[in-house]
Every structure is written in C-alpha cells, then in structure tokens.
Amino acid sequence: MKIKQLKTKFLFISLVSLAVLLTSCGGGSADKQAQGGSGKSLIGAGSTFTYPLYSKMFHVYHQANAVKVNYQSIGSGAGIKQLQNKTIDFGASDAPMSDEEMKKSPGAIVHIPTCLGAVVVTYHLPGNPVLKFTPEVLAGIFLGEITHWNDPKITALNPDAKLPSLPISVVHRSDGSGTTYIFADYLSKVSPQWTKGPGRGKSLNWPVGLGSKGNEGVSGLIKQTPGSIGYVEFAYAFQNKMPVASIKNKAGNFIAPSLTSTSAAANVDHMPADLRVSITNTDAPDGYPISSFSYVLLYKNQSYDNRSEAQAKATVDLIAWMIQAGQQYSEPLQYGKLPESVVKSALTILKTVVYNNKPLL
C-alpha cells in the first residue's frame with residue numbers, strides 16, 4: 001500500500017512540475033508577443049507572382065543578417081487583407097491597392113516597388129508552337145467567344161503553326177490575385193467589351209474557364225490539360241519550360257516577354273509620387289504590354305498594437321535592402337530590376353515611415 005501511495009504521489013508531483021514548465025514557456029511566448037517582437041523574425045504574405053524572387057532574397061538576407069522572414073505565398077488579395085488585419089509585418093501585391101482598399105485600411109499604407117514582372121499567356125498544344133495574339137483575339141478567347149484553336153482569327157495571325165481543332169480550355173486564377181489584376185487591367189484598356197464585364201480586379205466573375213489557386217496552380221493545370229490557355233507570371237512559365245505568346249502592343253509591334261521588353265515598359269514619363277501606377281498597355285514601342293511593378297506594403301506609422309521599435313526597424317531595413325542590394329537577384333530569376341529613378345523615389349517613401357514620429361531609415 002505504501003509503495004502504491006508513493007507512486008501516486010510521485011505521479012502527482014511530476015504532473016504539477018510539467019504544468020508549471022508549460023505555463024512558464026507559454027508565459028515567455030506571451031511576453032515576447034507583448035513586447036511586439038525582437039526584430040529577428042518577420043512575417044510577410046501576399047503575391048505568388050514574386051514568390052520565386054522573394055524566396056531567394058529572404059534566404060540571402062537571413063544568411064547575412066540573422067533575420068528570418070516567413071513569407072506566405074497566398075495571393076495579393078489575401079496579403080492585403082492580412083495587412084489590414086495587422087497580422088503580418090508587410091504585405092505583397094502585384095497591383096497597387098485601390099482607393100477603396102486604402103480607405104478601408106486602419107492606417108496609411110505605403111507602396112514600395114520591389115521589381116518588374118510580366119504576365120504571360122501560356123498554353124498546352126502539340127509541339128508547343130510560338131504563337132502571336134492581338135489584344136482583340138486575346139480578349140475574345142478569355143471572353144469565351146473564340147472557342148477552338150483552329151479559329152480563323154488565330155490561324156491568320158499564326159500561318160506557320162499547325163493548330164489543331166481542339167477546344168480551347170481557359171485556365172484562370174481562383175483566388176484574389178495581383179496577377180489577375182494585371183491581366184484584367186490590360187484587357188480593360190484594350191477591349192471595350194472586357195471593360196463592361198468582367199472588368200478589372202483581383203477577383204473576377206469569369207465567363208468561361210477553370211480556376212486554380214496561385215501561379216503554381218495555374219501553371220500545373222495548364223501542363224495537365226491539352227488545349228488549355230492561361231496567364232501566369234513569366235518566371236513560372238520560364239522555370240517550367242512552358243511556351244509564351246508574343247502580344248501586339250500599342251505601337252503595333254508583336255513583343256515577346258523578356259527582361260528587356262519588361263523593363264522597357266516601365267519608361268513612364270510621369271511617375272506619381274506614391275508610385276501607385278499601372279504600366280500595362282505601355283506606349284513604349286519595344287515594351288511588353290502586360291508588365292507591372294510588384295509592391296511590398298506596410299503601414300506608414302509602425303507604432304501600433306504593441307509593436308516594438310525593433311520589429312518596425314527590422315521591417316524597414318529589410319525592404320530597403322530588397323530595393324537596393326537585393327536587386328541583383330531579380331534578373332537571374334526573370335524579373336526586371338527597378339530603374340534607378342524608381343529606387344530613389346521608393347527610398348524617399350521609406351524615409352517617411354515612422355515609429356512614434358521617429359523616422360526608421
């Protein structure tokens with residue numbers, strides 16, 4: 001009986017000790033959260049468009065600065081919502097926030113361009129021919145008006161391609177997406193019918209097609225579906241060795257997506273001070289017409305919700321590095337580097353970001 005009592009007493013003491021240990025660990029975590037973070041770990045979320053580039057940048061930055069960045073590739077729309085909910089340090093979007101989104105946010109948000117990217121039209125056809133599209137034909141396909149690959153409107157533009165009588169299967173994003181916004185923004189500028197509907201936005205009511213989540217999902221679905229066509233960020237098509245179409249630009253030239261043609265599209269005469277700008281359907285004769293800046297987003301006033309100055313400073317320092325030293329990783333991954341004039345403007349904006357009215361850069 002005494003042995004049994006001793007065992008019971010020992011078990012009780014062990015359980016109490018374990019509870020104290022767990023409570024102590026939990027309390028430490030809570031204290032860290034109350035302090036707003038040490039600045040050694042940051043969370044970002046949004047754009048899948050820039051995920052390949054950001055993965056490289058954040059790995060290099062962690063090696064050099066011991067700051068770990070947990071980036072969630074969940075789409076621009078979801079990234080903006082998480083920033084508005086103040087659950088992340090920075091958001092990422094391939095399209096500038098709308099005036100309505102800015103008004104719904106609990107504080108002023110600044111836009112910092114990090115790179116230039118191209119949204120490409122890719123497809124799955126026998127032999128993977130290199131195709132050309134005019135804005136009218138492209139809009140017709142995604143509106144569901146052109147339904148077969150051997151339609152005369154397509155074959156007239158591509159007389160040397162052996163186009164089958166396959167039905168066209170449109171593939172589009174199912175999630176809120178900056179990639180969708182760029183593509184729809186372009187079609188809204190070149191097609192009056194598209195402007196009436198679906199129009200522009202990060203999420204659309206598509207007239208035809210299958211939806212998939214993220215650039216990864218769209219790329220995968222196209223590769224699995226003969227006769228399909230869709231839009232993805234250039235890096236995804238390049239990495240997956242998928243064919244991309246040349247698009248007729250405003251000057252009347254058929255332009256293939258490339259680093260050179262994407263950068264050319266950014267030759268905008270009048271850049272707004274807040275850098276919220278659309279460069280689709282560029283006037284540049286050698287510019288690819290479905291190009292865009294991609295942005296990171298953060299609150300101008302970083303002293304919110306018990307956020308520490310160290311966490312705020314680490315966020316700003318990371319972004320400053322991305323638009324300066326980090327630019328060397330853009331072109332190897334098929335993203336356009338920021339023009340020097342844009343870097344200068346972006347740094348000017350970053351210098352307005354404050355903690356308790358104190359500049360962080």
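All residue numbers in this chain count up from 1 along the given sequence.
Remark: side-chain polar atoms of N249 are paired, donor with acceptor, to backbone N or O of G287 under 3.5 angstrom. At distances below 3.5 Å, not a single donor-acceptor pair connects side-chain atoms of S174 with backbone N or O atoms of G211. In terms of modelled atom types and a separation under 3.5 Å, the side chain of H124 and the main chain of I222 share a donor-acceptor contact. T195 places a side-chain N or O within 3.5 Å of a backbone atom of S188 that can act as its donor or acceptor partner. Using modelled atom types, one side-chain atom of N253 and one backbone atom of P285 make a donor-acceptor pair closer than 3.5 Å. In this structure, S292 contributes its side chain and D94 its backbone to a donor-acceptor pair below 3.5 Å. With hydrogens and angles ignored, the 3.5 Å screen pairs no side-chain donor or acceptor of N281 with any backbone N or O of P289.
A 4.5 Å side-chain heavy-atom check between F133 and I229 finds at least one atom pair inside the cut-off. At least one side-chain heavy atom of S212 sits less than 4.5 Å from a side-chain heavy atom of V218. Looking at P135 and K248, their side chains come closer than 4.5 Å, going by heavy atoms from C-beta outward. Between V232 and T179 the shortest side-chain heavy-atom distance does not fall below 4.5 Å. Side-chain contact between T50 and Y71: present, with at least one pair of heavy atoms (C-beta onward) separated by less than 4.5 Å. Residues N158 and K132 are in side-chain contact: their nearest non-hydrogen atoms beyond the backbone lie under 4.5 Å apart. Residues F293 and L116 are in side-chain contact: their nearest non-hydrogen atoms beyond the backbone lie under 4.5 Å apart.
The side chain to side chain contact (heavy atoms under 4.5 Å, CB included) test with I112 is passed by exactly one of V316, L275, I323, V353: I323.
Closest approach of G201 to A184, counting heavy atoms only: N-CB, 4.2 Å. Counting all heavy atoms, side chain and backbone alike, A265 lies closest to T282 at O-OG1, 3.4 Å. For the pair V120 and A237, the tightest heavy-atom approach, listed with the atom from each and the gap, is CG2-CB, 3.9 Å. Annotation for P96 and R276: closest pair CB-CB, 3.8 Å, computed over non-hydrogen atoms. The two residues V67 and Y61 come nearest to each other via the heavy atoms CB-CE2, 3.9 Å. Of all heavy-atom pairs between S261 and I255, the closest is CB-CG2, 3.6 Å.
Placement of I247 and L157 within a single hydrophobic cluster is found when ILVMFWY residues are connected by side-chain heavy-atom separations under 4.5 Å, directly or transitively. One hydrophobic cluster holds both V119 and Y186 under the rule that ILVMFWY side chains link at heavy-atom gaps under 4.5 Å. Under a hydrophobic clustering in which Ile, Leu, Val, Met, Phe, Trp and Tyr are joined whenever their side-chain heavy atoms come within less than 4.5 Å, directly or via other members, L259 and F234 fall into different clusters. Hydrophobic clustering keeps L138 apart from V130 (ILVMFWY residues linked when any side-chain heavy atoms are closer than 4.5 Å, directly or through intermediates). When the side chains of ILVMFWY residues are joined at heavy-atom separations under 4.5 Å, either directly or via intervening members, L125 and V208 end up in a single hydrophobic cluster.
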side-chain contact (heavy atoms from CB on, under 4.5 Å) for L204 and H172? Distances and angles first, verdict last. CA-CA 10 Å; L204 302 177; H172 56 76; over 6 Å; no
Please report the C-alpha distance between T260 and Y288 in whole Å, then the side-chain angles of each, then the deciding distance to 0.1 Å, and finally whether the side-chain contact (heavy atoms from CB on, under 4.5 Å) criterion is met. CA-CA 9 Å; T260 302; Y288 178 70; over 6 Å; no
side-chain contact (heavy atoms from CB on, under 4.5 Å), that's the test. Do F238 and V244 meet it? Break it down for me. CA-CA 9 Å; F238 180 83; V244 296; over 6 Å; no
Go through the steps to decide whether V296 and L318 satisfy the test side-chain contact (heavy atoms from CB on, under 4.5 Å), and finish with yes or no. CA-CA 11 Å; V296 291; L318 168 69; over 6 Å; no
Begin from the C-alpha positions of Y295 and S47 and carry the test side chain to side chain donor-acceptor pair (under 3.5 Å) through to its verdict. CA-CA 9 Å; Y295 301 88; S47 168; over 6 Å; no
Pair up each side-chain donor or acceptor in residues 335-346 with any protein partner under 3.5 Å, not counting sequence neighbours, and list the distances.
residue : atom : partner : partner atom : Å
Y335    : OH   : F49     : O            : 2.7
Y335    : OH   : E233    : OE1          : 3.3
S345    : OG   : S341    : O            : 3.1

Atom pairs and distances, donor-acceptor, side-chain atoms in residues 140-152, under 3.5 Å, two or more places apart:
residue : atom : partner : partner atom : Å
E145    : OE2  : Q193    : NE2          : 2.5
W149    : NE1  : G227    : O            : 2.9
D151    : OD1  : K153    : N            : 2.8

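The structure places CD of Q82 at 4.0 Å from CD1 of I74, a figure rounded to the nearest 0.5 Å. Here the CD1-CG distance, from I349 to L361, works out to 12.0 Å after rounding to the nearest 0.5 Å. Rounding to the nearest 0.5 angstrom, the gap separating the OG atom in S41 from the NE2 atom in H62 is 9.5 Å. The distance from the OG atom of S246 to the CG atom of L131 is 9.0 Å, given to the nearest 0.5 Å. The line from CG of L297 to CD1 of I109 is 6.5 Å long, rounded to the nearest 0.5 Å. The OG atom of S308 sits 13.0 Å away from the NZ atom of K313 when rounded to the nearest 0.5 Å.
Within the structure, every pair that satisfies the salt bridge (charged side-chain N to carboxylate O under 4.0 Å, His left out) test and touches residues 176-192, not counting sequence neighbours, is listed here: D185-K189, D185-R200. Among residue pairs with one or both ends in residues 318-331, none qualify as side-chain hydrogen bond (donor to acceptor under 3.5 Å, both in side chains); sequence neighbours excluded. Judged as a side-chain hydrogen bond (donor to acceptor under 3.5 Å, both in side chains), not a single pair has a partner in residues 216-227 (not counting sequence neighbours). For residues 105-120, the side-chain hydrogen bond (donor to acceptor under 3.5 Å, both in side chains) pairs, not counting sequence neighbours, are Y54-T114, Q84-S105.
Note on ring orientation: taking the six-membered ring where Trp is involved, the planes of W206 and W194 are perpendicular (angle over 60°, cut-offs 30° and 60°).
Checked for salt-bridge contact, R173 and D175 meet the test: a charged N lies under 4.0 Å from a carboxylate O. Between K250 and D283, at least one side-chain nitrogen of the basic residue sits less than 4.0 Å from a carboxylate oxygen of the acidic one, meeting the salt-bridge criterion.
Atom CD of E100 sits in a sparse spot, with 12 or fewer heavy atoms from other residues, nucleotides or ligands closer than 6.0 Å. By the neighbour-count criterion of 12 heavy atoms within 6.0 Å, atom NZ of K213 is sparsely surrounded, having that number or fewer from other residues, nucleotides or ligands. Atom CG of N357 has 12 or fewer neighbouring heavy atoms from other residues, nucleotides or ligands inside a 6.0 Å radius.
Residues S278 and T280 bring a donor and an acceptor atom of their side chains to less than 3.5 Å of each other. With no hydrogens or angles considered, a side-chain donor-acceptor pair links T48 and N215 at under 3.5 Å.
Annotation: cation-pi pair K86/Y299 present, NZ/CZ under 6.0 Å from the ring centroid and within 45° of its normal.
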